[in-house]
Amino acid sequence: MPPVLEVKDLSAFIGPFHVLQGVSLEVHAGETAVVLGRNGAGKTTTLRTIMGLIPVAGGRIALEGASLAGLPSHRIARLGVGYVPEDRGIFDLLTVEENLQLGMMRRDRAAIGRRDHVLDLFPDLRIAYRRLASTLSGGQRQMLAIARAFLNDSRVVLIDEPSKGLAPIVVDRVRDAILEIKEHRTIVLVEQNFALASAVGDRYFILNQGMTVDHGPMAGLLKDRELLAKHLGMAARP
């Protein structure tokens, strides 16, 4: 079967800097693909370029065979790409309920069912449902960002650094939620926390200096000490 999302030889600039110089990845239905690499490798830029937030300078981005290159972000979202940005993108002066409502492209029975499901996954959000988002903790804000991205029937969801800045116990809750959600979604995850990445990922793509330098099944990466040391700075098997 063709991939749900295909990125081929992707090139992109941020100002004068040629950040992406040949990123390729593909994700099939039901997979969680993890994008790994050291700081500055181009991981976040890859997701932002897929989402239309950074212009494509070259290469191909396709969702189920249809090109996304050059489309505005709102069109890409409506075509079925969800996005959890690194900065979470929460509206502080709106309530949890209002943040979720803004994320719903439709308010039909299916969308209401998905909302109820994410509130079951994140009970803190149900408790804080009518509170301003500004009153939430960092972990609760991340839960809200993830919940909002799964309110629609997206074909693929891009998640950028969900564990960043969170306490270990909260990271465990995020991990469990992603494991639950991946039963129903195709996911591309950028993550520096290798324990989280290896727990949820089916396949990996390693970036270095804006290029894909290795990829394969996550099980194989866990056994490859040389590759872990070379590209992730991990001297021993986790």
Side-chain angles (χ1 to χ4, degrees), residues 5 7 23 25-28 30-48 50 82-90 118 120-125 136-150 156-209 211-238:
L5 178 69
V7 176
V23 171
L25 61 89
E26 59 180 42
V27 193
H28 293 265
E31 286 186 333
T32 295
V34 181
V35 182
L36 301 167
R38 297 177 186 268
N39 288 337
K43 305 183 299 297
T44 290
T45 302
T46 296
L47 295 195
R48 288 175 58 81
I50 292 170
Y83 182 46
V84 182
E86 183 180 18
D87 63 3
R88 298 165 187 161
I90 300 303
V118 296
D120 289 339
L121 283 176
F122 298 116
D124 284 14
L125 298 184
L136 301 180
S137 69
Q140 291 168 334
R141 291 166 68 83
Q142 186 61 273
M143 295 173 196
L144 178 55
I146 293 172
R148 190 176 55 188
F150 287 92
V156 60
V157 179
L158 315 176
I159 307 178
D160 194 0
E161 297 277 16
S163 74
K164 185 175 181 179
L166 302 184
I169 190 170
V170 181
V171 173
D172 289 344
R173 294 174 66 185
V174 169
R175 175 203 62 207
D176 292 344
I178 293 175
L179 286 171
E180 166 71 20
I181 291 167
K182 70 176 286 187
E183 297 297 321
H184 312 283
R185 292 289 190 280
T186 301
I187 297 172
V188 179
L189 173 68
V190 164
E191 183 52 67
Q192 288 283 84
N193 183 324
F194 189 72
L196 171 59
S198 59
V200 304
D202 300 303
R203 299 173 67 213
Y204 72 89
F205 295 84
I206 295 178
L207 305 190
N208 186 36
Q209 296 183 346
M211 295 178 283
T212 300
V213 295
D214 201 89
H215 64 90
M218 183 60 75
L221 179 60
L222 290 169
K223 300 174 183 178
D224 195 330
R225 299 187 184 190
E226 182 178 350
L227 194 60
L228 289 169
K230 181 178 180 181
H231 293 296
L232 304 179
M234 301 174 64
R237 181 168 43 180

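Here the structure is a predicted model, which means the values were calculated and not measured.
Pairing each heavy atom of I90 with each of A145, the nearest pair is CD1-N, 3.8 Å. Closest of all the heavy-atom pairs between E31 and R203 is OE2-CD, 2.9 Å. Closest approach of P162 to V174, counting heavy atoms only: CB-CG1, 3.9 Å. Looking at every heavy atom in both residues, A33 comes nearest to V27 through CB-CG2, 3.8 Å.
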Carefully, step by step, assess K182 and D202 under the rule salt bridge (charged side-chain N to carboxylate O under 4.0 Å, His left out). CA-CA 10 Å; K182 70 176 286 187; D202 300 303; 3.3 Å; yes

Go through it in stages, so that I can follow the logic: the residues are F194 and V34, the test is side-chain contact (heavy atoms from CB on, under 4.5 Å), and I'd like the CA-CA distance, side-chain angles, deciding distance and then a yes or no. CA-CA 10 Å; F194 189 72; V34 181; over 6 Å; no

Worked verdict on I146 versus I181 for side-chain contact (heavy atoms from CB on, under 4.5 Å): CA-CA 10 Å; I146 293 172; I181 291 167; 4.0 Å; yes

Does the side-chain contact (heavy atoms from CB on, under 4.5 Å) test come out yes or no for F205 and T46, once each step is laid out? CA-CA 12 Å; F205 295 84; T46 296; over 6 Å; no

Please assess L121 against F150 for the test side-chain contact (heavy atoms from CB on, under 4.5 Å), listing each intermediate value before the final yes or no. CA-CA 11 Å; L121 283 176; F150 287 92; over 6 Å; no

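More than 12 heavy atoms of other residues, nucleotides or ligands lie within 6.0 Å of NE2 in H28, so this atom counts as buried by the packing criterion. For CD of E26, the number of neighbouring non-hydrogen atoms (other residues, nucleotides, ligands) closer than 6.0 Å is greater than 12.
The structure places NE2 of H231 at 9.0 Å from CD of E226, a figure rounded to the nearest 0.5 Å. To the nearest 0.5 Å, the span separating CG on L125 from CG on D120 amounts to 11.0 Å. Within the model, atoms CZ of R185 and CD1 of I178 stand 13.5 Å from one another, a figure rounded to the nearest 0.5 Å. The distance from atom CD of E86 to atom OG1 of T44, rounded to the nearest 0.5 Å, is 4.0 Å. If you take OG1 on T32 and CD on E183, they are separated by 9.0 Å, rounding to the nearest 0.5 Å.
Looking only at side-chain heavy atoms (C-beta outward), L221 and L36 come within less than 4.5 Å of each other. Side-chain atoms of S137 and V170, non-hydrogen and from C-beta on, never get closer than 4.5 Å to each other. Between Q140 and L144 the shortest side-chain heavy-atom distance does not fall below 4.5 Å. The closest side-chain heavy-atom distance from I159 to I187 is below 4.5 Å. When side chains are defined from C-beta on, L232 does not count as touching Y204, because their heavy atoms never get closer than 4.5 Å. In this structure, V84 and Q142 have side chains that are in contact, with non-hydrogen atoms separated by less than 4.5 Å. Between T186 and L5 the shortest side-chain heavy-atom distance does not fall below 4.5 Å. R175 places a side-chain heavy atom less than 4.5 Å from the side chain of L179.
Ion pair D124/R173 flagged as a salt bridge, since at least one NZ, NE, NH1 or NH2 atom sits closer than 4.0 Å to an Asp/Glu carboxylate oxygen.
In this structure R48 satisfies the salt bridge (charged side-chain N to carboxylate O under 4.0 Å, His left out) test with no other residue, sequence neighbours excluded.
Side-chain contact annotation: S163 with E191, donor-acceptor N/O pair under 3.5 Å present.
Side-chain atoms of K43 come within 3.5 Å of backbone N or O of R38 as a donor-acceptor pair. Formation of a donor-acceptor pair under 3.5 Å by the E161 side chain with backbone atoms of Q192 is found in this model.
A side-chain contact (heavy atoms from CB on, under 4.5 Å) with V35 holds for exactly one of T212, D160, L25, V23; it is L25.
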